[in-house]
Amino acid sequence: AFEMQRFLRAGYSIEEAEEKFQAGEVLPPTAASRRPAPRPPAGGLSPMKPKLKRSLSEEEERSKRIEEVMGFTGVEREVAEKALEENQWITDLAVNSVLDNLTGD
């Protein structure tokens, strides 16, 4: 049926199209069918999906801040945690507080 439609669109009468179809004839490819396949998107076969970043729980966030204070000041975990608690869990303020206490200011 597809080849019959192609014969009809090419200008053949119904009788001619049917004769050619029954004889197994086919029309040459059209310009549209000879067109090269579209290129894949740049950067690979599929677009990159953005990596989702999991937000930290409150406990994970606090633990991270304690580690930051400990790493910067060299104090024990308990000292870092106490400094953060006294400074509304603001890392910079807690570091300054610890360093002030270490230097005796």
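- Considering all non-hydrogen atoms of both residues, Ala80 and Met70 come closest at CB-CG, 3.6 Å.
- For the residue pair Glu60 / Ser57, a side-chain donor-acceptor distance below 3.5 Å is found, with atom types taken as modelled.
- Glu81 CD to Glu67 CD: the interatomic distance, rounded to the nearest 0.5 Å, is 11.0 Å.
- With salt bridges taken as basic N to acidic carboxylate O contacts below 4.0 Å, none links Glu3 and Lys20.
- The neighbour count for Arg9 CZ, taken as heavy atoms of other residues, nucleotides or ligands under 6.0 Å away, does not exceed 12.
- Annotation: cation-pi geometry not satisfied between Arg65 and Trp89 (NZ/CZ under 6.0 angstrom from ring centroid, within 45° of ring axis).
- Side-chain contact check for Phe72 versus Leu99: some heavy-atom pair is nearer than 4.5 Å.
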(request) Apply salt bridge (Lys or Arg N to Asp or Glu O under 4.0 Å) to Arg62 and Glu58, showing your working. (result) CA-CA 6 Å; Arg62 286 183 173 192; Glu58 186 175 330; 3.3 Å; yes
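- At least one side-chain heavy atom of Phe7 sits under 4.5 Å from a side-chain heavy atom of Glu25.
- Counting only heavy atoms from C-beta outward, the side chains of Val75 and Leu102 approach each other to under 4.5 Å.
- For the pair Met4/Glu18, a side-chain contact is recorded, criterion being any heavy-atom separation below 4.5 Å from C-beta on.
- Panel note: side chain Thr73, backbone Val69; a donor-acceptor pair is recorded below 3.5 Å.
- Under a 3.5 Å cut-off, the side chain of Ser63 and the backbone N or O of Glu59 do not form any donor-acceptor pair.
- Taking a cutoff of 4.0 Å between a charged side-chain nitrogen and a carboxylate oxygen, Glu78 and Lys82 do not qualify as a salt bridge.
- Atom NZ of Lys64 sits about 6.0 Å away from atom CG of Leu56, to the nearest 0.5 Å.
- The two residues Asn87 and Ser97 make their nearest non-hydrogen contact at ND2-CB, 3.6 Å.
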